[in-house]
Every structure is written in structure tokens, then in C-alpha cells.
There are 2 protein chains.
Amino acid sequence: MANQLSRLDQVFAALADPTRRAIVMRLCAGEASVGELADPFDMALPSFMKHIHVLETSGLVQSEKSGRVRTCRLSPDALLGAEDWFQQQRAIWEARLDRFEAYVMKLKKEREAARRPSKTTSKTTKRKGS
Amino acid sequence: MANQLSRLDQVFAALADPTRRAIVMRLCAGEASVGELADPFDMALPSFMKHIHVLETSGLVQSEKSGRVRTCRLSPDALLGAEDWFQQQRAIWEARLDRFEAYVMKLKKEREAARRPSKTTSKTTKRKGS
DNA sequence: ATGATTGTTAGCCAAATGGCTAAGTTAAAT
DNA sequence: ATTTAACTTAGCCATTTGGCTAACAATCAT
């Protein structure tokens, strides 16, 4: 029944909300209580707590309660996991660009070879222009 | 009236769905038509088109129609923008760790200085244990 | 022991999301 | 001139999301 969201799904969904991104940014600077975190936001506490809960189930934030105050801290692993995803995509993207560039270079050489049908590439025969 | 979502909101929301992440991954390898993109997914075309549309309004994907086929390509800027966010947070996080480490080092020195109240640090007086 | 702080639970509500089908529309193929 | 291919639009539906209030703990301070 439970829809088994992947970790990445939850992390990206958590970060899609500006309130939650602000919480994460705040927690990057150090741990804080729910009250401290909620203070800057014009929002009822129960609404705010929902955001905290989303962050916790996404794995981005951990918290523990001592006395009547719950202290939240960032757990950087989930953040790094998401960052990894970008880096992998960028790697694939850049590999593609490299291949494309290689392809263009090949075309260029072939065009040149077609224009000058000698077998060896002589550096002395430099030509410029179309 | 229009709720003016920030670009980051839209990018992260777009990436929170596994179908859409798969589309982005596919497009990292090169442009493709809607039909080609939709093929691997067991989903009605109109549903799939909604995903494409989400990706387009997030800025992650651009598309253009020629004839009856719409070709989609990744626009890497939005992707890089989101990656930047992670890197900024990580920078803050790491700065904090550095500060913490510096703090621990300071404590350590003070403890040591308190234990051995001479002004100069003599390397000869090495001591081990608690 | 009372009262103030600091969450927490329960439940309501409007809007957004992510799926569907059915019925267009436009370009290419025959 | 039809038919087929490749989207596109319109609209339905269930679930999720993100806000609220009201009432309930559970501590800490006095």
C-alpha cells in the first residue's frame, strides 16, 4: 500500500519548497530548536511542523527531543546524495559534448582530406580560407 | 494571481518525480522526440505530455515542433543552477565544520596550557595518556 | 500547584499533482 | 482524397500538499 518513494524523490520534493530550503540553509549553519527555526516564518506552528516532518522523512534532517525542546540538525548524507545525482548527469552531458566536439573535428578533417586527396598530412601545405 | 514560483522551486519539483528524472537523464544523452521519450513508459501520452510540460516550465527542457514531431533537448543552465544551490550549501556546511574543528583545536590547546602553565611550548615535554 | 513554554495531535479545507479517456488537430504517407 | 502518425486539448478523478484552528500533552519556572 505504501507507495515506496525513492530517497531522491523525497529529497527533491523536500527541497522544492522555499520554506524547507530556508530551513536546510539555516541548519547548514548549525543545529537549532523547532521554535528558533520557526521564528522567521509567518506560519502557524503545526503547519511549520509539517515541513520539519517532510525534511525528516526525506532524511535531510534529524532531530531529537530533550525536555520540551526538539533540536534539529542537518544530516549531510542526503544532501550529498542529491548533489551526486547532478554530478552524474553533468558527467554524461559533458561526455556527450566531448563526443560532439570529436564528431565535428572528424567532419572537419574529412572535409579537409576530401579537398586535398594526398595520403599524408603535410604540415608545409598550410592553406587558409574557404 | 499566478503564484510566482521561484525557478529553484520549479526545478526541484520537476526533479522530484522519477519519470521526469528519467526524461532528463535520457536527454543528457541527446535530444529526442516526444514519442521516443514516451516509449519506455507505460503511460498514456497526455499524462506523459504533462511531465514534458512541467520540465519545460521549469526551464530544464526546451522543445520545438517541426512538422508533426516535437523535439526536446535539455537546457543545461537550469540544471547547473540547481547544482549551484547544493554547492553553496555545502560550502557553508564545510565552513562550519572548519570553524568547529578550529574551536576544538583551541579548546585542546587551552586545556594543555592549563595543565602546563609555562609560557613557551616545549616539544621536549611530550606526555601521553589522559 | 499553577501557569507559562514548547511542542504535538486531530481534523478541516482549497489547491495542486498525476493519472485516465475521448475527441480534436496537423502533417506525412498512400 | 483518405488514412495514419504524432501530438494536443478538454475534462474527469483520487490523492497529496500546505495552510489553518482547536484542543491536548509535557516540561520548566515561580
Side-chain angles (χ1 to χ4, degrees), chain A residues 1-27 31-73, chain B residues 1-27 31-73:
Chain A
M1 303 278 164
N3 201 358
Q4 174 91 334
L5 280 288
S6 91
R7 173 53 56 98
L8 262 191
D9 288 9
Q10 297 185 55
V11 169
F12 282 131
L15 295 178
D17 184 281
T19 300
R20 290 193 292 258
R21 267 197 323 278
I23 295 174
V24 167
M25 292 168 74
R26 166 63 185 82
L27 289 179
E31 59 183 40
S33 73
V34 169
E36 285 167 358
L37 289 173
D39 196 49
F41 298 96
D42 187 18
M43 189 183 295
L45 239 206
S47 314
F48 187 81
M49 285 296 293
K50 282 194 187 175
H51 287 298
I52 298 281
H53 194 243
V54 169
L55 287 169
E56 270 196 277
T57 58
S58 79
L60 282 167
V61 164
Q62 292 173 346
S63 75
E64 111 196 77
K65 195 165 181 178
S66 118
R68 59 185 165 176
V69 40
R70 173 172 299 278
T71 302
C72 305
R73 58 178 70 38
Chain B
M1 302 287 158
N3 200 357
Q4 174 87 340
L5 280 289
S6 91
R7 174 54 54 99
L8 263 191
D9 286 12
Q10 296 185 57
V11 170
F12 281 132
L15 294 177
D17 184 281
T19 300
R20 290 193 293 258
R21 270 199 319 279
I23 296 173
V24 167
M25 293 169 74
R26 165 64 186 79
L27 289 179
E31 60 183 40
S33 74
V34 169
E36 286 166 356
L37 289 174
D39 197 49
F41 297 96
D42 186 19
M43 190 184 294
L45 239 207
S47 314
F48 187 81
M49 285 296 292
K50 281 193 188 177
H51 287 297
I52 298 281
H53 194 245
V54 169
L55 286 169
E56 269 195 279
T57 58
S58 80
L60 281 167
V61 164
Q62 293 173 346
S63 75
E64 111 197 77
K65 196 163 183 179
S66 116
R68 60 184 166 176
V69 40
R70 173 173 299 279
T71 302
C72 305
R73 58 179 67 47

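Order of the sequence lines sets the chain letters (A, B, ...), proteins ahead of strands, with each chain counted from 1.
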Q: Identify the heavy atoms of A/His51 and A/Ile23 that sit nearest to each other, and give their distance.
A: CB-CD1, 4.2 Å
Q.
Show, in sequence, the C-alpha distance, side-chain angles and deciding distance for B/Leu15 and B/Leu60, and conclude whether the side chain to side chain contact (heavy atoms under 4.5 Å, CB included) test is met.
A. CA-CA 9 Å; B/Leu15 294 177; B/Leu60 281 167; 3.9 Å; yes
Q | Closest contact, heavy atoms only, B/Val34 versus B/Phe48 | A | O-CE2, 3.9 Å
Q.
Walk along nucleotides 2-7 of chain C from 5' to 3' and tag each nucleotide B, S or - by protein heavy-atom contact under 4.0 Å, base first, then sugar-phosphate.
A. --BBSB
Q) Does a side-chain N or O from A/Ser47 land closer than 4.0 Å to OP1 or OP2 of D/dC20, or not? A) yes
**Q.** Residues that A/Glu36 engages under side chain to side chain donor-acceptor pair (under 3.5 Å), provided they are two or more places apart
**A.** none
Q) Counting side-chain heavy atoms from C-beta on, which of D/dC20, D/dG18, C/dG18 comes nearest to B/His51? A) C/dG18
(Q) Which is more 5' along DNA chain D, the nucleotide nearest A/Val54 or the one nearest A/Ser66? Just name the residue. (A) A/Val54
(Q) Nearest to the B/Pro46 side chain among C/dA22, D/dG19, D/dT21, which nucleotide is it? (A) C/dA22
Q.
Quick check for you: among C/dT9, D/dG18, C/dG18, whose closest atom lies nearest to any side-chain atom of B/Asp17?
A. C/dG18
Q. Rounded to the nearest 0.5 Å, how far does CZ of A/Arg7 lie from OG of A/Ser58?
A. 7.0 Å
Q | Interatomic distance where NE2 belongs to A/His53 and P belongs to C/dT8 [whole Å] | A | 10 Å
Q: Could you tell me the separation between the CZ atom of B/Phe12 and the C1' atom of D/dT17, rounded to a whole number of Å?
A: 19 Å
Q: Taking all non-hydrogen atoms of both residues into account, name the closest pair between A/Arg26 and A/Leu37 and its distance.
A: CG-CD2, 3.5 Å
Q. Rounding to a whole Å, what distance do you find between B/Ile52:CD1 and C/dG19:C1'?
A. 16 Å
Q: Nearest 0.5 Å please: distance from the CG atom of B/Leu27 over to the CD atom of B/Gln62.
A: 11.0 Å
Q: Round to the nearest Å and state the distance from B/Phe48 atom CZ to D/dT8 atom C1'.
A: 15 Å
**Q.** Between P of C/dA27 and CD of B/Glu64, the distance in whole Å
**A.** 15 Å
Q) A/Phe41 CZ to D/dG18 P: how many Å, rounded? A) 14 Å
Q. If you pin A/Gly67 and A/Lys50 to their nearest nucleotides in DNA chain D, which one's is more 5'?
A. A/Lys50
Q: Quickly work out the A/Asp9 CG to C/dT17 P distance and round it to whole Å.
A: 15 Å
Q.
Could you tell me how far apart A/Leu55 (CG) and D/dG18 (P) are, to the nearest whole angstrom?
A. 11 Å
